[in-house]
Amino acid sequence: MTKHEFRYAANPVDARKYGTEELRREFLIDKLFVENQIQLTYSMYDRYIVGGAMPVNEDLKLETIPYLKSKNFLDRRELGVINVGAKGKVTVDGEDYELNTKEALYVGKDSKDVVFSSLGEGQPLFYINSAPAHKRFPTKKVGANDAEVVQLGDEKYANKRVLNKLIVNSIVETCQLQMGLTELLPGNVWNTMPAHTHSRRMEAYFYFNLEEGQTISHFMGEPQHTRHIFIENNQAVLSPEWSIHSGSGTCNYSFVWGMAGENLDYGDMDVCAPNELK
């Protein structure tokens, strides 16, 4: 079963006036994993889709949704999948791809049948991002050994972390979708600091591996008009092109970043120094 919801884009000046409930309603995706369901949120930020698939004792087929007005989900889109649970399987047009934890799969435009399955070896959790595509590129698995690994941060600033580039243009050919996974080391809590914006693409953050009973404060908004949203484990937040996207937790955690727009250059960002934020 595929369930879906729709989100309009927000004007940054309007967002300055949002209270807690409005911020959470507009930007937080609070339920991604439901047993034997695919949950999708269609966003007007670059028409990006964020979702999750949790096959327990049923195979889950990715079905089209009304906003796409297409026979198949990927008729005009590309798809990225990162498994953040136990080992599972994704079948694309009859070909099986087994994904261990933290492994990724890029699925190209015009693929007809995408099915998520459990292998009975624990509970897989497939985190999904999708963006419009103008050209078909080959479906490709990105295993743990295929990732570009970058060491970032400093324990002095509580932001020492390991960045795993998975679905990026140096590894996988894509139209615009880019995805990766960042892990904060124990004792480190800040991600993406110094904060930045990038006016030519939007982003979505998905937080996971958060210790039970702990929380993350995700910071968003224009650099001079910041806001925050408290995040629980396995929740995501939409980040407009005008917004910073940074967070600090009450313990270490991991997160998946996904983005789409007119630029595939990972380094395309406008950095804001920590002491310049307001």
Side-chain angles (χ1 to χ4, degrees), residues 27-29 32 50 80-85 99-104 125 127 129 142-172 177-198 201-221 223 226 228-239 243-260 264-277:
F27 302 106
L28 177 67
I29 302 173
L32 280 161
V50 175
V81 180
I82 296 178
N83 184 12
V84 296
L99 298 183
N100 286 310
T101 305
K102 303 175 188 176
E103 292 189 326
L125 298 172
Y127 177 63
N129 283 186
V142 182
N145 295 328
D146 301 317
E148 286 187 17
V149 180
V150 182
Q151 306 288 333
L152 294 173
D154 191 319
E155 288 188 355
K156 177 182 177 181
Y157 301 110
N159 66 358
K160 193 171 182 62
R161 57 201 190 274
V162 179
L163 186 151
N164 302 275
K165 296 182 182 180
L166 296 169
I167 300 175
V168 295
N169 58 339
S170 56
I171 298 176
V172 181
L177 180 65
Q178 307 277 281
M179 295 180 73
L181 189 156
T182 299
E183 303 167 275
L184 276 80
L185 301 185
N188 294 268
V189 296
W190 277 101
N191 76 66
T192 321
M193 185 58 70
H196 63 264
T197 60
H198 24 68
R201 61 189 182 202
M202 61 76 65
E203 196 156 350
Y205 269 25
F206 163 70
Y207 291 96
F208 70 106
N209 276 352
L210 178 66
E211 185 179 317
E212 186 175 355
Q214 302 302 309
T215 189
I216 298 162
S217 183
H218 177 88
F219 295 97
M220 61 159 294
T226 58
H228 71 273
I229 300 174
F230 278 101
I231 305 285
E232 297 179 15
N233 194 44
N234 289 343
Q235 292 185 337
V237 63
L238 296 167
S239 181
S243 176
I244 65 168
H245 30 282
S246 180
S248 182
T250 52
C251 67
N252 65 310
Y253 51 90
S254 300
F255 67 98
V256 173
W257 43 268
M259 48 193 167
L264 296 178
D265 178 11
Y266 179 83
D268 174 25
M269 58 186 72
D270 298 313
V271 174
C272 183
N275 63 350
E276 295 176 345
L277 296 168

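Please read all numbers here as calculations on a predicted model, not as lab measurements.
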Shortest non-hydrogen separation from Ile244 to Pro223 and the atoms involved: CG2-CG, 4.0 Å
Should Ser243 and Thr197 count as side-chain neighbours, where that means a heavy-atom distance under 4.5 Å? no
Could you walk me through whether Asn234 and Phe206 pass the side chain to side chain contact (heavy atoms under 4.5 Å, CB included) check? CA-CA 7 Å; Asn234 289 343; Phe206 163 70; 3.6 Å; yes
Partners meeting salt bridge (Lys or Arg N to Asp or Glu O under 4.0 Å) with Glu203 (sequence neighbours left out): none
Those residues at least two apart in sequence (or on a different chain) that pass salt bridge (Lys or Arg N to Asp or Glu O under 4.0 Å) with Lys102 are Glu183
Restricting to ring pair (Phe, Tyr, Trp, His ring centres under 6.0 Å), what partner residues turn up for Tyr253, sequence neighbours left out? Tyr207
Heavy-atom pair with the smallest gap, counting every atom of Val168 and Met179: CG1-O, 3.9 Å
Closest heavy-atom contact between Leu99 and Asn83? O-ND2, 2.9 Å
Out of curiosity, Asn164 CG to Ser254 OG, how far, rounded to the nearest 0.5 Å? 9.0 Å
Applying the side-chain contact (heavy atoms from CB on, under 4.5 Å) test to Leu264, which of Gln178, Met259, Arg201 qualifies? Gln178
Carefully, step by step, assess Arg161 and Leu185 under the rule side chain to side chain contact (heavy atoms under 4.5 Å, CB included). CA-CA 6 Å; Arg161 57 201 190 274; Leu185 301 185; 5.9 Å; no
Within the distance-only criterion (no hydrogens, no angle test), does the side chain of Asn252 pair as donor or acceptor with the backbone N or O of Val189 below 3.5 angstrom? no
Residue list, side-chain contact (heavy atoms from CB on, under 4.5 Å) with His196, at least two apart or on another chain: Thr192, His198, His245, Met269, Val271
Residues in side chain to side chain donor-acceptor pair (under 3.5 Å) contact with Thr182, at least two apart in sequence or another chain: Trp257
Tell me if a side-chain donor or acceptor on Ser248 pairs with a main-chain N or O of Trp190 at a distance below 3.5 Å. no
Taking all non-hydrogen atoms of both residues, which atom of Ile82 and which atom of Gly180 are closest, and how far apart? CD1-O, 4.3 Å
May I ask you to test the Asn191-Phe255 pair for a side-chain heavy-atom distance under 4.5 Å? yes
Contacts of Asp154 meeting side-chain contact (heavy atoms from CB on, under 4.5 Å) (sequence neighbours excluded), chain-then-number -> Lys156, Tyr157, Asn159
Would you indicate whether the side-chain heavy atoms of Val142 and Lys165 approach each other to under 4.5 Å? no
Beyond-backbone contact of Ile171 with Leu166, side-chain heavy atoms, under 4.5 angstrom: no
With the side chain counted from C-beta on, respond yes when Leu32 and Tyr127 share a heavy-atom pair under 4.5 Å apart, and no when they do not. yes
Indicate every side-chain donor-acceptor pair of residues 208-215 with a distance under 3.5 Å to a residue at least two apart or in another chain.
from   : atom 1 : to     : atom 2 : distance (Å)
Gln214 : OE1    : Thr250 : OG1    : 2.7
Thr215 : OG1    : Ile231 : O      : 3.0

Closest non-hydrogen atom pair between His228 and Ser217, with its separation: CB-OG, 3.5 Å
Show me the donor-acceptor pairs, under 3.5 Å and distance only, between side chains in residues 146-153 and residues at least two apart or in other chains.
from   : atom 1 : to     : atom 2 : distance (Å)
Asp146 : OD2    : Gly143 : N      : 2.7
Glu148 : OE2    : Ser170 : OG     : 2.4

Between His218 and Tyr205, how do the two ring planes meet: parallel, tilted or perpendicular, split at 30° and 60°? perpendicular
Kindly indicate, with the supporting measurements, whether the criterion side chain to side chain contact (heavy atoms under 4.5 Å, CB included) is fulfilled by Lys160 and Leu184. CA-CA 6 Å; Lys160 193 171 182 62; Leu184 276 80; over 6 Å; no
Heavy-atom closest contact (Asn129 atom, Gly258 atom, distance): OD1-CA, 3.5 Å
What pairs meet the salt bridge (Lys or Arg N to Asp or Glu O under 4.0 Å) rule with one or both residues in residues 243-260, with sequence neighbours excluded? none
Tell me every residue that passes side-chain contact (heavy atoms from CB on, under 4.5 Å) with Thr101, counting only those two or more places apart in sequence or in another chain. none
To the closest 0.5 Å, what do you measure between CG (Asn233) and CD1 (Ile216)? 7.5 Å
Does any part of the side chain of Ile29, heavy atoms only, come nearer than 4.5 Å to the side chain of Gln235, both counted from C-beta? no
